[in-house]
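Reviewing the structure listed below.
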Amino acid sequence: MLPLVYHPIYSQLELPAEHRYPISKYRRLYQYLIDEMKLDQQDGILFYQPEAIGADELKSLHHPDYIEALFNNTLPAAKMRRIGFPWSHQLIKRTLMSTAGTRLTVDLASQHGIGIHLSGGYHHAHHDFGSGFCLVNDLAFAAKYALTLDNIDKVMIVDCDVHQGDGTATLLSDDDSIITFSVHCDKNFPARKPASDIDLALPKHTTTNDYLETFEIILNLALAQHQPDFIIYDAGVDIHQHDELGYFDVCLDGIYRRDHLVLSRCKQAEIPIAAVVGGGYRQDHQQLVELHAQLIQAAITVYRSE
Ligand SMILES: [Zn+2]
């Protein structure tokens, strides 16, 4: 069984016409899975809808003043600009739902071995400020939640978005039970890259084969050294060669092979994995959705026998 977590609110956000964030991609991905990939219950696919978390639940992870200001629209203009979205009630509702969605995906993965969230990956959100389209760090929130579940004492966040997971790194720097592992482009946003537990920084124009060879070696070492009993995986597709905000030369099949590698390692080692779709910014939203669909395709292949 393959649980997928989705809510229509993910794409329900009014943005200025020229805004670069591909807000429709969540709805398009959901539609693609049903209309193009024809996924239904017979394939073992079950869709789940989260229920929004309360703002107070975020105050142990983020600074309470930041959460208050964010939710009351009293953040200074410069801080909103750093986030990159105009403030709206819908933005806040969507943020609470996305964070709930990643937490629900952790619950489902802990029960079924695998869960995929058709949103999530807001890794640039720090303790007292947001940045790069990220308001609340759902990865750190869900990792801390995972530690409250039975038989989970060590969580690893494997962040394969092309941008370094700076917010996750700072939020979890003093938590020995959560290992942060970021694979990213060395010359890309964010300019300042605070240390994760493991950082694999690759140069611009890294090719598919170089990416996969290097990543596989470091992933195997990381799993052997830390032996996590739960993994949260950010399957960002902005590593693609045509992504407007990424500088790698990784092809469509390379994304499939990366996702397949991570999922099959987890299945072999019987480590439950909660995956989120993460970043991806191609202007052609249909092609962008095809990139994100590789994660679900890889999961169907790896977990088919379940
Ligand atoms: Zn990214």
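Whatever order the structure lists ligands and atoms in, that order sets their numbers, starting from 1.
- Aromatic rings from His163 and His184 are positioned such that their centres are separated by 6.0 Å or more.
- Nearest N/O/S atom of Asp161 relative to the Zn ion (ligand 1): this is OD1.
- Under the 6.0 Å distance and 45° angle rule, Lys204 counts as a cation-pi partner of Tyr247.
- Ring centers of Tyr10 and His117: under 6.0 Å apart, within the cut-off.
- The N, O or S atom of Asp238 lying closest to the Zn ion (ligand 1) is OD2.
- For the Zn ion (ligand 1), the nearest N, O or S atom contributed by His163 is named ND1.
- In this structure, Phe47 has its ring center no closer than 6.0 Å to that of Tyr6.
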